[in-house]
Amino acid sequence: MRRALLLAPAWGWLLLFVAAPAGILVAIALAEPDAGLPPFRLAWSAQGFGTLAADAFYLEAVLSALRVAALTAMLCLLLAYPMAMAIARAAPRRRLVLLALVMLPFWTGFLLRVGAWIGLLRDEGWINGVLRRLGLTEAPLPLLYTEGAMLLGMVHAYLPFAVLPLFAGLLRLDPALVEAAEDLGARPFTAFRTVTLPATLPAAVAAFLLVFIPAAGEFVIPELMGPPEAQLVGRVLWQEFFQSRDWPVAAALAVALLVLLILPIRLFQRMEARR
Amino acid sequence: MTPLLQAEAITKRFGATLALDALDLAIGEGEFFALLGGSGSGKSTLLRIIAGFEAPDAGRLLLDGRDIGATPPWARPVNMMFQSYALFPHMSVADNVAYGLRRAGVKRAEAEARIAAALEMVGLGGFGRRRPHELSGGQKQRVALARSLVMRPRLLLLDEPLGALDANLRERTGFELRALQRETGAAFVMVTHDQEEALALADRVALLDGGRVAQVGPPRAIYERPASRFAARFLGAANVLEGRATAAGFESEEAGATFAGDLPPGTVAVALRPERIRIAAAAEGPNTARGVVEDVAFRGDDSLLLVRLSGGAMLRVAHAEEDGAPPGRGAAVSLAWDAASVVALAS
């Protein structure tokens, strides 16, 4: 009874902010489009999902979003491992400072950071300006609105989500394990590959998912920094909702993405349970 | 003959702390050597320098007469057993033992035979497929030993090898360690803070204090003949009595006694072991003292008496059970000891 009381706020929160919105989303996905306001009529129609299945455009949008998200998550892991290792090995007092530095970008608004990148990368931006003044280039380099710029923005935005779980995992790792590996003849990279990485694999998977999942639905960075042809699912969702105003198709797409992203989480949980 | 390992004036600082202060040491082939000291004595730092995890700020480290100061840990023919054992949690016991052989590129068939032999040697034959978390503390310790010994090191470092074991397991494991050392012929260098462990296991003991070797020698020699007040107190908790050398012998005002014996002129204090003092009928002449029993603690095979001497010093006296019931608290006693039991301390 007391347990139920203690859990009540959590269940209430989940019901109000997770279950209810998801229910509304599914209801809209099954509705029929309508010219009125709201732009749908409740029904039991598979029309929204039918549109998704019929047009390969949607599948491509999902796949390219997953590709960009996976690339972002991999790059984040690659950068976050050395950062997290350095922080975990630092003296406790310096550790706090370094962690604060990792979190520092969060103190600035998200859009402001994207705006700063745009200011740096655009044709009349700082980087091109410096290159021209040094006489290294004549025409501005196309930096912004490229896949590289998009990935840069994504990695910058999501890096802390990768550093924190890895740091927590590495902190629990007995430093003697790495020393034991080196003592037994492993060079530092071999020791990392055979001991540090496998021993912190759950933290690495958590870090990957914490970046991958929000990155898969990311809309702002591809829109503001990515190439125009990058039709990622987040952008397509936005267009369906606000430009085509086809809410059932947009909702169906959101539901499909949600189901697709729950899969890796379930896999991770299975893997954790087996250990 | 060149020693297997030679440390020459090794110095190491951590910030403002001097961990090792121009330390010299030589360890022979096939020797069981103990580095004994309290916390902050530098014993663990020295072990980590030998393994290659720390670099000395000054001094040379020679293995077979060759300077290995710049050799990284993975290239040193030295292996270490860690205090936490440091078994790889994501690998089976056999994979743990195989780790070093794989790095060395040992052929599969040979590796498997060596792994089986190493596990057999530590009494864990048939445990190869277990995971470290399925093992008891004693079994983990054996896996760690097997993982090091399978590399056939000429020098094995052991960081508090018995430290994490239950008291009843320690004695047995200690004997097993010695047997393994004889069997493999490797030199074992063990770090410990427990003087009983060091005395029981090692062929030679180096007593470390403040980053220097206070005394080095076979266990019996350094136990019987401590060279300094520190050594006398650390090893077996001897009584140390201050005084000065005179024509009659060594006069200690705080003991209210004169010590006669083979005492060189430079003697600044004397050490007297609790078990070398007996209760006498009367206190007459040198090597006797009078006091009052302040407390008695029964220890099984003997009782420890705290005796306040007439000069004011407190003396620890071990009273053997076969000598009958010990005097009670408040009893006035006369004490006597043999001249041969008096150890002169020069510092």
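In what follows, every chain begins at residue 1, and chains take the letters A, B, ... in the order their sequences are listed.
- The parts of B:F88 that come within reach of chain A are both its backbone and its side chain, each placing non-hydrogen atoms under 4.5 angstrom from that chain.
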**Request:** Kindly indicate, with the supporting measurements, whether the criterion side chain to side chain donor-acceptor pair (under 3.5 Å) is fulfilled by B:Q181 and B:R178.
**Result:** CA-CA 5 Å; B:Q181 192 262 335; B:R178 285 233 303 203; over 6 Å; no
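- Counting heavy-atom pairs under 4.5 Å between each of B:P89, B:G100, B:G52 and chain A puts B:G100 at the top.
- Taking the ring centre of B:Y99 as origin, the terminal cationic atom of B:R103 falls inside the region bounded by 6.0 Å and 45° from the ring axis.
- Only the backbone of B:V78 has a heavy atom closer than 4.5 Å to any heavy atom of chain A.
- Residue B:L157: no heavy atom, backbone or side chain, is found under 4.5 Å from chain A.
- Contact of B:M81 with chain A is not made at all, since no heavy-atom distance falls under 4.5 Å.
- Taking the side chain as every heavy atom from C-beta outward, B:V213 and B:D24 never approach each other to under 4.5 Å.
- Under 4.0 Å is where a charged nitrogen must lie from a carboxylate oxygen, and between B:D159 and B:R48 no such pair does.
- Using a 4.5 Å cut-off between heavy atoms, B:M151 touches chain A through its side chain atoms alone.
- Proximity to chain B involves both the backbone and the side chain of A:D183, based on heavy atoms less than 4.5 angstrom apart.
- Test A:W117, A:F110, A:F161 against A:H156 for ring-ring contact (aromatic ring centres under 6.0 Å, His included) and you get one pass: A:W117.
- With hydrogens and angles disregarded, a donor-acceptor distance shorter than 3.5 Å links the side chain of B:R76 to the backbone of B:T71.
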